[in-house]
Peer 1: 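Here you go, one structure.
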Number of protein chains: 2
Amino acid sequence: MVTIVDVAKHAGVAPSTVSYVLTGKRPISAQTSVRVRESIQSLGYHPHAGARALASSRTNVLALVLPLREGVQLPVVMRFVTSVVSTAREQDMDVLLMTAAQGADGLRRVAGGAGADGFLLMDVGLDDERVQVVRELDRPAVLIGHPAAAAGLTCVDLDFEAAGARCVEHLAGLGHRSIGFLGAPGVVYARNTGYAQRTLAGFSTAAMRRGVVSTALPAEPRYASVHAVVRTLLRELPQMSALVVHNEAVLGWVVECLRAEGRRVPDDVTLMAICPDELAERMRLTCVRLPADVLGRCAVELLVAKLNGQQTPALTLLPPELSSRTGRAFPSGIPGKLIP
Amino acid sequence: MVTIVDVAKHAGVAPSTVSYVLTGKRPISAQTSVRVRESIQSLGYHPHAGARALASSRTNVLALVLPLREGVQLPVVMRFVTSVVSTAREQDMDVLLMTAAQGADGLRRVAGGAGADGFLLMDVGLDDERVQVVRELDRPAVLIGHPAAAAGLTCVDLDFEAAGARCVEHLAGLGHRSIGFLGAPGVVYARNTGYAQRTLAGFSTAAMRRGVVSTALPAEPRYASVHAVVRTLLRELPQMSALVVHNEAVLGWVVECLRAEGRRVPDDVTLMAICPDELAERMRLTCVRLPADVLGRCAVELLVAKLNGQQTPALTLLPPELSSRTGRAFPSGIPGKLIP
DNA sequence: CTGAAAGCGCTAACAA
DNA sequence: TTGTTAGCGCTTTCAG
C-alpha cells in the first residue's frame, strides 16, 4: 500500500507537506506543490479514509437516509439520490446509504462511530422518532421536507403552498373561474410530513383570493377511485374548466376518466399537474415542477455549510416553477388519434 | 467521545479485552464479557469506524455502484437496494453509495483509499471499462448481471434464458401452439449486459423444442410503437393465442393494443410477463418473477464470502419462478367494466 | 483466559 | 514556506 510517507520520500518533502498539499490548509510553494502532485500521480496514492478520519475527526462522508417503503415516488427519490451523490462528490464527500428501517439506533450508531459527518433525512414523518434523535446527535442534519415539529432543525423543501397557489394563479390568469383539485391518496393527508396539506391549503387560499370556485378531493391509486373522483368533481363543479392534479400515480388515468365523462383535454378541461417535469413532458402537460435534483443539491450544500460551522436558515423553501406546455395530453401517453 | 479505554476502565479490564469481546476473535470468560457489555451499554460506546479500519484494514463497508441513468427500471433497482442494505446490516456492514457516473476513477479512489472492503456493481455493460478495473483492484467484487467478458469475476443474475424458456413451457403446457414475444426496446438488445438477448434465446429455443410457432419483436416505450408491434405480431401469427411481454414499461399498454385489434385478454390471448411480481400482481398477470430482493441478498452474501477468503462460484444463476394468476388483466390497471 | 504495548496512516500543533 | 512529532482510537502480536 502506498502511504503518505512513500509520497513524501518520493517527492523529497515531509509527510505533513504532502498532507497540506492535499488539504490546502496552508500555503505551499508552486514548485513543491507540483512535485508532490507528480509523486502522488506516479505512485497512485490515495489517502487512507480511516486514517484521515481518525486524525482529523472528519470522515468526508454524509449519510443519506432514504424512505424506501412502499408508496414512495421512486422517480423522485432516484433523481434526488443522483443529485445528492454528484453534489457530494463535488464537495469531495462520499455518501453512506441508510434506510428509514435502520431507525434511530442506526443514526446513533453511525454518528457515534464516526461513520459520517452529517445526515440527510428524506421524508421524515410528523411524529418520527428520528427527529428527536437528530436533535440530540452531535452531528448536523438536514431534513428534506419539513415536519411540523421542525423547530431548531434545518429543512429544505419545495414551497408546496406556493405551488398550489401558483396553479390557481396560472389558471385564473387564463380565465378559468371553476377549478377542480385531484389530490394524493387520503392517507397521505394524514400520515405525511404535510406537503400534501400545504399544497391544498395554497390552492384553496388562492382560489378564495381570486374568487374562483373550487373543489378538492383525494384520490386512491386505482382507476375506479379516480373515475369516481372525476365524476364527483364534475357534479360539484358543473362549470369546471380546469383541473389540478397532485398525484403522479394516477395522472395518466385522469385524461381517460375525463373523456369517459364526455370532457376532452384540453378543449373542455385544462389539465395541469404538480409533478416531476419529465412526467409532465411525456404527457405534454403544463406543470409546477417537483425539483428533486435542486432539492438534492440544496440539501447537500446546506449540510456542508453546517459542517463548516456556518449558520443556515432553518427552512429553505424552493419557489415553485411553472413549465408551460400545450396541454394536449396523452392519456397514459396514448396519442389521441389511436383512441377508438 | 467515549473510547475503548473509557469502556476498559469502567469494566476494569484492558482495552484489548474490550476489543476481543466485540470482535469475538478470542475466547472471553462469560463474566468478563457480561461486565464489558454492560459498560458498553451504560457508556453508550460505539467503536470509531476509522480507527477500526486503520488498525484492522477492514472498513466493514461495501460499495454499491448503481446505474442511475435513464431507462433503468427504478422499482427493480429500489428493491435491490433495500435488500442490499438490509442484508449488509445483517453482516454488520454499511453501504457506500456510488453511481456508475463515478466511473473507473471512482472505483480506484474508493478501493485505494480504503473506503470500502468490496464492490457490488449493478448493470455492468458488455464493454464496460469498470470490468477491467475491478479485475485489477485488490478488493473483491460481485457483478449483478453477467457481461460476456466476465471470466474470472463473480456474477449473480436471474437465469434469463431459463426464464424465457419457462414462459414457453408454461404456455405450451396450457395448449398454446402460437406464441408472440414482445421484448425490450431495440437498443437494449445492443448495449446491455445481454439479459435481453438471453431471455429471447431461451424463449426461441424452447419454442423450437416444443414445436411452437413464435415471433419476437422489440418495442419502444411509446404507445404507437407497442400498437405497431402488436399489429405486426398478429399479422405474422394469425393464430397467436399467447403473448409473452419482457418490457415492464409498456406492459400496461399491451392489453389496450390487443383490445384495439379486437383481441380480448385473456379470452382471445393469454398474456404473461417477465417482470417484478408486484407489477404482475397489480395487473393480475401470470409472470416469471424478477427477484430483485433475492439478487440483492445473494450478491451481498457472495461478497461477504469472498471477503472471508472463501471460494465463490463464478456465476450464480437464480432459477426463474412462476407466479400464476388469473390473467384477467387490467389495461393500465383499469377494471374492464369501466372501459366504454 | 487476560494485559501491555506497538503500530495502522494521517493531521495539526509546534518549531524553524 | 517547510519539517518534526505527538497523538487520533483501535487491533493484534507478544507475554504472561
Side-chain angles (χ1 to χ4, degrees), chain A residues 1-37 39-40 43-61 92 109-117 138 307, chain B residues 1-37 39-40 43-61 92 109-117 138 307:
Chain A
M1 195 208 181
V2 185
T3 76
I4 202 171
V5 176
D6 300 324
V7 176
K9 280 183 185 146
H10 187 273
V13 298
S16 59
T17 302
V18 177
S19 175
Y20 286 121
V21 168
L22 252 17
T23 60
K25 289 191 180 170
R26 85 179 179 192
I28 297 284
S29 76
Q31 306 175 28
T32 315
S33 179
V34 168
R35 248 202 354 276
V36 168
R37 277 175 215 289
S39 299
I40 289 177
L43 296 182
Y45 168 70
H46 295 278
H48 189 291
R52 193 171 247 192
L54 183 55
S56 67
S57 47
R58 269 271 218 162
T59 62
N60 273 29
V61 169
D92 198 36
R109 182 181 60 83
V110 171
D117 295 328
D138 51 337
L307 285 171
Chain B
M1 196 210 182
V2 185
T3 77
I4 202 172
V5 176
D6 301 325
V7 177
K9 280 183 186 148
H10 188 272
V13 297
S16 57
T17 301
V18 177
S19 175
Y20 286 120
V21 167
L22 252 17
T23 61
K25 288 189 181 170
R26 85 177 180 192
I28 296 284
S29 77
Q31 305 177 29
T32 315
S33 179
V34 167
R35 252 210 339 282
V36 169
R37 277 176 213 291
S39 299
I40 289 176
L43 296 182
Y45 168 69
H46 295 278
H48 188 289
R52 191 169 250 193
L54 183 55
S56 67
S57 47
R58 270 273 219 161
T59 62
N60 273 28
V61 169
D92 198 35
R109 182 182 60 82
V110 172
D117 294 328
D138 53 335
L307 285 171

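Letters A, B, ... mirror the listed sequences (proteins, then strands); counts begin at 1. Below, all heavy atoms of this structure are taken into account, side chains as well, without hydrogens, waters or symmetry copies.
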Peer 1: Determine the contact category for T32(A): base if any of its heavy atoms lies under 4.0 Å from a base atom, sugar-phosphate if only primed atoms, P, OP1 or OP2 are that close, otherwise nothing.
Peer 2: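 If one applies the 4.0 Å heavy-atom cut-off, T32(A) turns out to touch the sugar-phosphate alone, with no base involved.
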Peer 1: Can you work out whether Y20(B) or P47(B) has the more 5'-proximal nearest nucleotide on DNA chain D?
Peer 2: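 Looking at the nearest nucleotide for each, P47(B) comes out on the 5' side.
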Peer 1: Are the side chain of S39(B) and the backbone N or O of R35(B) linked by a donor-acceptor pair below 3.5 Å?
Peer 2: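 Yes.
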Peer 1: Under 3.5 Å, side chain of N60(B) to main-chain N/O of D92(B), donor-acceptor pair present?
Peer 2: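 Between the backbone of D92(B) and the side chain of N60(B) there is a qualifying donor-acceptor contact (under 3.5 Å).
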Peer 1: Taking donor-acceptor contacts at under 3.5 Å, does the side chain of S16(B) reach the base of dA4(C)?
Peer 2: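 By the distance-only test, yes, there is a pair.
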Peer 1: Check the distance between dA12(C)'s C1' and L22(A)'s CG and give it to me in whole angstrom.
Peer 2: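 From L22(A) CG to dA12(C) C1': 15 Å.
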Peer 1: Determine: side-chain N/O of T17(A) to OP1/OP2 of dG3(D), distance under 4.0 Å, yes or no.
Peer 2: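 T17(A) to dG3(D) OP1/OP2: side-chain N or O found under 4.0 Å.
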Peer 1: What closest approach, in Å, do A114(A) and A49(B) show between heavy atoms, and which atom pair accounts for it?
Peer 2: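 That closest heavy-atom pairing would be O-CB, 4.2 Å.
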Peer 1: May I have the distance from Q31(A) (atom CD) to dT1(D) (atom C1'), rounded to whole angstrom?
Peer 2: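 Distance check: Q31(A) CD to dT1(D) C1' gives 11 Å.
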Peer 1: Any N or O donor-acceptor pair linking the side chain of R26(A) to the base of dT2(D) at under 3.5 Å?
Peer 2: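 Answer yes: a donor N or O sits under 3.5 Å from an acceptor.
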Peer 1: Given dT1(D), dC10(C), dT11(D), which nucleotide is nearest the side-chain atoms of I4(A)?
Peer 2: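 The answer is dC10(C), which lies nearest to the side chain.
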Peer 1: Does OP1 or OP2 of dC8(D) have a side-chain N or O of T3(B) closer than 4.0 Å?
Peer 2: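 Answer no for this pair, as no side-chain N or O of T3(B) is under 4.0 Å from OP1 or OP2.
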Peer 1: Does T59(A) use its side chain to pair, donor to acceptor, with the backbone of D117(A) at less than 3.5 Å?
Peer 2: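 Yes; judged by distance alone, with no hydrogens or angles, the pair exists.
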Peer 1: Respond yes when some side-chain nitrogen or oxygen of K25(B) is under 4.0 Å from OP1 or OP2 of dT12(D), and no when none is.
Peer 2: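 Checking K25(B) against dT12(D): at least one side-chain N or O falls below 4.0 Å of OP1 or OP2.
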Peer 1: Please report the distance, rounded to the nearest Å, between CG in N60(B) and P in dG9(D).
Peer 2: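 Rounding to the nearest Å, CG of N60(B) and P of dG9(D) are 19 Å apart.
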Peer 1: Under 4.0 Å from OP1 or OP2 of dT11(D): is there any side-chain N or O of S19(B) that close?
Peer 2: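 Looking at the OP1 and OP2 atoms of dT11(D), one of them is under 4.0 Å from a side-chain N or O of S19(B).
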Peer 1: Check this for me: does the side-chain of R52(A) come within 3.5 Å of the base of dG9(D) through a donor and an acceptor?
Peer 2: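 No, no donor-acceptor pair under 3.5 Å.
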Peer 1: If you define the side chain from C-beta out and look only at heavy atoms, does anything of R52(A) sit under 4.5 Å from L22(A)?
Peer 2: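 Yes - at least one pair of side-chain heavy atoms lies under 4.5 Å apart.
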Peer 1: Tell me which of A51(B) and V13(B) sits closer to the 5' end of DNA chain C, going by the nucleotide each one is nearest to.
Peer 2: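 With A51(B) and V13(B) compared, the 5'-side residue is V13(B).
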Peer 1: Is it the case that the base of dT11(C) and the side chain of T23(A) share a donor-acceptor contact (distance under 3.5 Å, atom types as modelled)?
Peer 2: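 Donor-acceptor pair under 3.5 Å: no.
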Peer 1: For Y45(A) and dG9(C), what is the distance between atoms OH and C1' respectively, to the nearest whole Å?
Peer 2: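 Nearest whole value for this atom pair: 7 Å.
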Peer 1: If each of S56(B) and A30(B) is mapped to the nucleotide of DNA chain C with the nearest heavy atom, which maps nearer the 5' terminus, i.e. the 5' end?
Peer 2: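 Per heavy-atom nearest nucleotide, the more 5' residue is A30(B).
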Peer 1: To the nearest Å, how far apart are L54(B) CG and dG7(C) P?
Peer 2: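 Taking CG of L54(B) and P of dG7(C), I get 14 Å after rounding.
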Peer 1: Whole angstroms only, please: what is the NE2-P distance between H46(A) and dC10(C)?
Peer 2: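 Computing the H46(A):NE2 to dC10(C):P distance gives 12 Å.
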Peer 1: For a quick check of understanding: with a heavy-atom distance under 4.0 Å over all strands, which category does G12(B) fall into, base, sugar-phosphate or nothing?
Peer 2: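 Sugar-phosphate: the residue G12(B), judged by heavy atoms under 4.0 Å, touches backbone atoms but no base.
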Peer 1: dT11(D) P sits how many Å from H48(B) NE2, rounded?
Peer 2: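 Computing the H48(B):NE2 to dT11(D):P distance gives 12 Å.
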Peer 1: To the nearest 0.5 Å, tell me how far I28(B) CD1 sits from R37(B) CZ.
Peer 2: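 So the gap between those two atoms works out to 9.5 Å.
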